[in-house]
Amino acid sequence: MEQTDIKSLTLEELRREIAEQGEKAFRAEQLYQWMHVKLAERIAGMSNLPKVFREWLEREYEYVTLETVEIQRSKLDGTCKYLFRLPDGHVIESVLMRYRHGNSVCISSQAGCRMGCRFCASTIGGLKRNLRPSEMLEQIYRIQKDSGERVSHVVVMGTGEPLDNYDNLIRFIRLVSHEKGLNISQRNITVSTCGIVPGIRKLAEENLSVTLALSLHAVTQEKRRELMPIANRYELKEVLDACGYYFHKTGRRLTFEYSLAAGVNDTEEDVKGLAALAGPLHAHVNLIPINPVNERDFVQPREKIIANFKKNLEKCGINATLRREMGRDIDGACGQLRRKYLEDSPGVPEDSDIMDSSREHSADSLERGGEDPC
Ligand code: SAH
């Protein structure tokens, strides 16, 4: 029988499970604190729980932890890239970024991705599987433990489409922002989506106050369809209506992500189109010079074009930022790390999956001096 993943349970569920076992109610809180505040790596180390109780927990439940395969630390800005192994052998990446306003962790929501965005490396090997709430939490827990510094912000912008893993995402958000857990403010959590309309509308109803970031990348339905297959499913207008609904329902300011590719979406027309879409929704625009990916033709516009794009957008009254490049000095090493890992591990389970091309490509894109993989 499959064991229940105990770290994905809410405190209320944990209380119920423990009450059913006839254990004292306060044990649930103790256990929750070990998992979600003290970030314990093993049940055995939970010293204030009776030994018999710990043994029962070990028999009955799966205690998910991530194995740290490799960490790369930037000497320039303190950015750290983490390679983690999931319990079934898949490998995922997370990034710690240090800002003046606090430490932010970029997490993956899926192993691989099935959205197929033309410029994105994570999608090349397809979707392996959804991550469970515990596996999303653990990326933050291991990083907080390793750095010894509090994580105050979370961006769900790593590999995967969070709204394609909806229920696990919601559970993750509730756990990570729980006052008896890590207690990260929902206002400091950003969920980035390629534009899954029913997911956006549903998220608006959850009574959460997380920031929604839409990966827009093109200002017309035609161009968006060329870049993002999801646009075949949901028209740009529908996506923007859903974003408007999210904004009105939650009061949370939206972010539009716009990856700039030379000759694709970097003209004056695009500036005007973008301003016309972002203005009425009061959306903040995050410009990301595209990271070149192998087997894809996209290249970054010249510096001057990027700077002008931003300036002209601002002239239209739009609040825009250019995503800062973090951890440039460790990018190159990242590719070497993965290759070395694969060469040294011929017997790893499902190694065809682990060696999926998205990993290789993502490493390649980093080597070319791109910014953080998020
Ligand atoms: N699936 C989610 C989140 C993951 S990607 C989404 O689509 O939003 C995080 C952001 O990086 C998205 O805006 C994505 O479109 C962008 N991105 C992916 N590959 C990129 C690349 N090669 N260069 C620049 N931005 C990229």
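Along the sequence shown, residues carry numbers from 1. In listed order, ligands and their atoms are each counted from 1.
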S.K.: Report, in ascending order of atom number, the atoms of ligand 1 lying under 4.0 Å from any heavy atom of Cys194.
M.R.: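 Counting from 1, the qualifying ligand atoms are 6 (C), 7 (O), 8 (O).
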S.K.: When you compare the side chain of Thr255 with that of Thr190, does any pair of heavy atoms fall below 4.5 Å?
M.R.: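 Counting from C-beta outward, Thr190 and Thr255 never come under 4.5 Å.
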S.K.: Judging by distance only, is a nitrogen or oxygen of Phe119 under 3.5 angstrom from one on ligand 1?
M.R.: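 N/O-N/O distance under 3.5 Å: yes.
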S.K.: Taking NZ, NE, NH1 and NH2 as the nitrogens, is one of them in Arg302 or Asp266 under 4.0 Å from a carboxylate oxygen of the other?
M.R.: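 Judged by the 4.0 Å cut-off on N to carboxylate O distance, Arg302 and Asp266 do not form a salt bridge.
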S.K.: Show which atoms of ligand 1 fall inside a sub-4.0 Å distance from at least one heavy-atom site of Ser259.
M.R.: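 Result: 24 (C), 25 (N), 26 (C).
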S.K.: Of the choices Arg118, His217, Glu257, which has the non-hydrogen atom that lies closest to atom 15 (O) of ligand 1?
M.R.: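 Closest candidate by heavy-atom distance is His217.
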S.K.: For the pair His217 and Tyr258, name the ring-plane relationship: parallel under 30°, tilted 30 to 60°, perpendicular over 60°.
M.R.: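 Taking Tyr258 first and then His217, their aromatic rings sit tilted (interplane angle of 30° to 60°).
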S.K.: Apply salt bridge (Lys or Arg N to Asp or Glu O under 4.0 Å) to the pair Glu268 and Lys272, showing each step before the final yes or no.
M.R.: CA-CA 6 Å; Glu268 266 310 298; Lys272 285 190 202 127; 5.2 Å; no
S.K.: Is there a heavy atom in Met115 that sits closer than 4.0 Å to ligand 1?
M.R.: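 Outside the 4.0 Å threshold, so no.
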S.K.: Under a 3.5 Å cutoff, is there a donor and acceptor pairing between the side chains of Gln30 and Arg27?
M.R.: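 Arg27 and Gln30 do have a side-chain donor-acceptor pair below 3.5 Å.
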S.K.: Under 3.5 Å between some N or O of ligand 1 and some N or O of Arg323?
M.R.: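 The answer is no, given that Arg323 and ligand 1 share no N or O pair closer than 3.5 Å.
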S.K.: Between Glu13 and Arg171, does any NZ, NE, NH1 or NH2 come within less than 4.0 Å of an OD or OE carboxylate oxygen?
M.R.: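 Salt bridge between Arg171 and Glu13, a charged N being under 4.0 Å from a carboxylate O: yes.
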S.K.: Does Gly158 have a heavy atom less than 4.0 Å from any atom of ligand 1?
M.R.: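 Contact present.
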S.K.: Does a side-chain N-to-carboxylate-O contact under 4.0 Å join Glu58 and Arg42?
M.R.: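 Answer for the salt bridge query: no.
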S.K.: Hey, can you tell me if Phe53 and Trp56 have their rings parallel, tilted or perpendicular (30° and 60° cut-offs)?
M.R.: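 Answer is parallel, since the angle falls under 30°.
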S.K.: If we set the cut-off at 4.0 Å for heavy atoms, which region of Ser192 has an atom near ligand 1: side chain, backbone, both, or neither?
M.R.: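 Looking at Ser192 and ligand 1, atoms from backbone and side chain both fall under 4.0 Å.
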S.K.: Can you list the ligand 1 atoms lying under 4.0 Å from a non-hydrogen atom of Cys120?
M.R.: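 With Cys120 as reference, the close atoms of ligand 1 come out as 18 (C), 19 (N).
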S.K.: Is Gly160 in polar range of ligand 1, meaning some N or O pair under 3.5 Å apart?
M.R.: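 Min N/O separation from ligand 1 is below 3.5 Å for Gly160.
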S.K.: When you measure from atom 23 (N) of ligand 1 to each heavy atom in Thr193, Asn291, Thr255, which option holds the nearest one?
M.R.: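 Minimum heavy-atom distance to atom 23 (N) of ligand 1 goes to Asn291.
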